[in-house]
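Here's the structure we're looking at; comments come further down.
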Amino acid sequence: LDDAINSDIVYLIPCQFTLINSDLNEKLVKIGEDSNETFITGESATQYPKAHVFRFANSDFSLRIIDTPGIGDVRGIDKDKENFQNLLTFISNYKSIDAICILLNQNNTRLGVAFRFYLKELLSNLHKSSKDNIVFCFTNSRGTFYRPGDTMPVLRKLLKEINDQSGIEVPLSNNNIFCYDNESFRFLAALKNEIQFSDNERADFSGSWNSSVEMTQKMMAYILNLPSHDVKETTTLNDSRKMILELSRPIADISQNIQQNIKLINNKMNELSILDVNSTELKGKLHIPAVDLAIK
């Protein structure tokens, strides 16, 4: 952390928060600008998926992290669905992904609507083979000693519901759970905005920094040993689902159209059965006005 304090602050995503200083006055701390990020309360900060690529010196290895919009946007479920669709379109540019990181607050004590939607909508849009690539990242976890906190039993209950309903068992163990706290970055951002801290506070943030770095390294080691998920499996699944939804209206219209024509034919048959006409007159009665669909 000392190296970071003595260097220019490095950020990928802009950050903004309000801090109460020692005089109990509010101070707005802001780092960076990006048109893809908004700080409107209730809206997802990230507007569209965006890839950040880290390249390692003296190596062909690189790490690509795709930042995505959060779930539970105040603009409603339709906006969340739009965000999911944007994400699926974005990842279709890649052949495979190695991990799907679900970020959760460590103290979500209730199975709220947003929490249920978050996981169920995500899992419904992923191919079942991706379940082994899911990792759970708990944020703001210093207050729970870098453990999941009250969210854990809630998450376990929800995953059991999903397993009972769909037969898909998402792993949940010490192997794929990682706990972080971003307060050390907020501390750096506050320092760059000329807010002062005591030596004891700096020591606390340094410990938080070290714990989060250690957890990051542990997560990367775990991900490197995971088999890659073929993105085509997920995108094909969603293309099929989209096609089914788009076909539902035409199929219903076609079915109704068939029934209407059958009714017209039956009416004509009943009409002919009671007529006493010769063959010449019968020919003039055989034409049936059929109904057809026009495609636009």
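What you see is a predicted model; the values in this text were computed from it and never measured.
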### Task
For side-chain contact (heavy atoms from CB on, under 4.5 Å), just list the numbers for Thr68 and Asn83, CA-CA rounded to whole Å, side-chain angles, deciding distance to a tenth of an Å, and then say yes or no.
CA-CA 8 Å; Thr68 71; Asn83 288 337; over 6 Å; no

### Task
Mind listing the closest non-hydrogen atom pair of Met219 and Cys137 along with its distance?
SD-SG, 3.8 Å

### Query
Does Asn261 reach the main-chain N or O of Ile258 with its side chain, forming a donor-acceptor pair under 3.5 Å?
no

### Query
Between Ile195 and Tyr11, is there a shared hydrophobic cluster once you connect ILVMFWY residues whose side-chain heavy atoms come closer than 4.5 Å?
yes

#### Entry: Residues clustered with Tyr48, ILVMFWY side-chain links under 4.5 angstrom
none

### Message
Within the structure provided, determine whether Lys50 and Phe90 are in side-chain contact (heavy-atom separation under 4.5 Å).
### Response
no

### Query
Tell me the side-chain hydrogen bond (donor to acceptor under 3.5 Å, both in side chains) pairs involving residues 176-188, sequence neighbours left out?
Arg142-Glu183, Glu183-Ser208

### Residues that Ala189 engages under side chain to side chain contact (heavy atoms under 4.5 Å, CB included), provided they are two or more places apart
Ile9, Phe17, Val29, Ile31

## Note on the structure
In this structure, CD of Gln16 is separated from OG1 of Thr18 (nearest 0.5 Å) by 7.0 Å

### Task
Report whether Met215 and Met152 are members of the same hydrophobic cluster (ILVMFWY, side-chain heavy atoms less than 4.5 Å apart, transitive linking).
no

### Query
Hey, does the side chain of Thr89 reach the backbone of Gln85 with a donor-acceptor pair shorter than 3.5 angstrom?
yes

### Query
Are Ile254 and Leu247 linked, directly or through other ILVMFWY residues, by side chains that come within less than 4.5 angstrom of each other?
no

### Message
Quick check for you: to the nearest 0.5 Å, what is the distance between Leu1 atom CG and Asn6 atom CG?
### Response
9.5 Å

#### Entry: Option from Leu103, Val170, Thr151 for which side-chain contact (heavy atoms from CB on, under 4.5 Å) with Phe136 holds
Val170

### Query
Who passes ring-ring contact (aromatic ring centres under 6.0 Å, His included) against Phe61, sequence neighbours left out?
Phe56

### Task
Kindly compute the distance separating OH (Tyr94) from CD1 (Ile66), expressed to the nearest 0.5 Å.
5.0 Å

Please tabulate, one pair per line, all N/O donor-acceptor pairs under 3.5 Å involving side-chain atoms of residues 223-231, not counting sequence neighbours.
| from | atom 1 | to | atom 2 | distance (Å) |
| --- | --- | --- | --- | --- |
| Asn225 | ND2 | Ala221 | O | 3.1 |
| Ser228 | OG | Asp98 | OD1 | 2.5 |
| His229 | ND1 | Ser129 | OG | 3.4 |
| His229 | NE2 | Thr234 | OG1 | 2.8 |
| Asp230 | OD1 | Lys232 | N | 3.0 |

### Task
Could you list the residues that satisfy salt bridge (Lys or Arg N to Asp or Glu O under 4.0 Å) with Glu201, not counting sequence neighbours?
none

#### Entry: Gap separating the CD1 atom of Ile91 from the CG atom of Asn86, nearest 0.5 angstrom
12.0 Å

### Sub-4.5 Å side-chain heavy-atom contact between Glu161 and Lys157
yes

### Message
Just verifying a value: how many Å separate Leu104 CG and Asn140 CG, rounded to the nearest 0.5 Å?
### Response
11.5 Å

### Message
Arg55: which residues meet the salt bridge (Lys or Arg N to Asp or Glu O under 4.0 Å) condition with it, sequence neighbours left out?
### Response
none

### Query
Can you hop from Val135 to Val154 via hydrophobic side chains spaced under 4.5 Å?
no

## Note on the structure
For Phe138, the ring-ring contact (aromatic ring centres under 6.0 Å, His included) test, sequence neighbours excluded, returns none

### Task
Please answer: with hydrophobic residues joined when any side-chain heavy atoms are less than 4.5 Å apart, are Phe185 and Ile5 in the same cluster?
yes

#### Entry: Interatomic spacing from CH2 in Trp209 to CG in Leu188 - rounded to 0.5 Å
5.5 Å

### Query
Among all residues two or more places apart in sequence or in another chain, which pass the side chain to side chain donor-acceptor pair (under 3.5 Å) test with Lys160?
Asp164

### Task
Determine, stepwise, if the pair Ile97 / Asn133 fulfils side-chain contact (heavy atoms from CB on, under 4.5 Å).
CA-CA 8 Å; Ile97 51 179; Asn133 297 84; over 6 Å; no

### Message
Minimum heavy-atom separation for Cys179 and Pro148, please, with both atom names.
### Response
SG-N, 3.7 Å

### Query
Of all residues at least two apart in sequence or in a different chain, which pass the side chain to side chain contact (heavy atoms under 4.5 Å, CB included) check with Ile65?
Phe54, Leu63

### Query
Hey, is CG on Asp8 packed in by over 12 heavy atoms from elsewhere, all under 6.0 Å?
no

### Task
Only counting residues at least two apart or in another chain, list the ones meeting side chain to side chain donor-acceptor pair (under 3.5 Å) with Lys131.
none

### Query
For Val10, what residues pass the side chain to side chain contact (heavy atoms under 4.5 Å, CB included) criterion, not counting sequence neighbours?
none

### Query
Does the Asn163 side chain pair with the main chain of Leu159, one donor and one acceptor, at a distance under 3.5 Å?
no

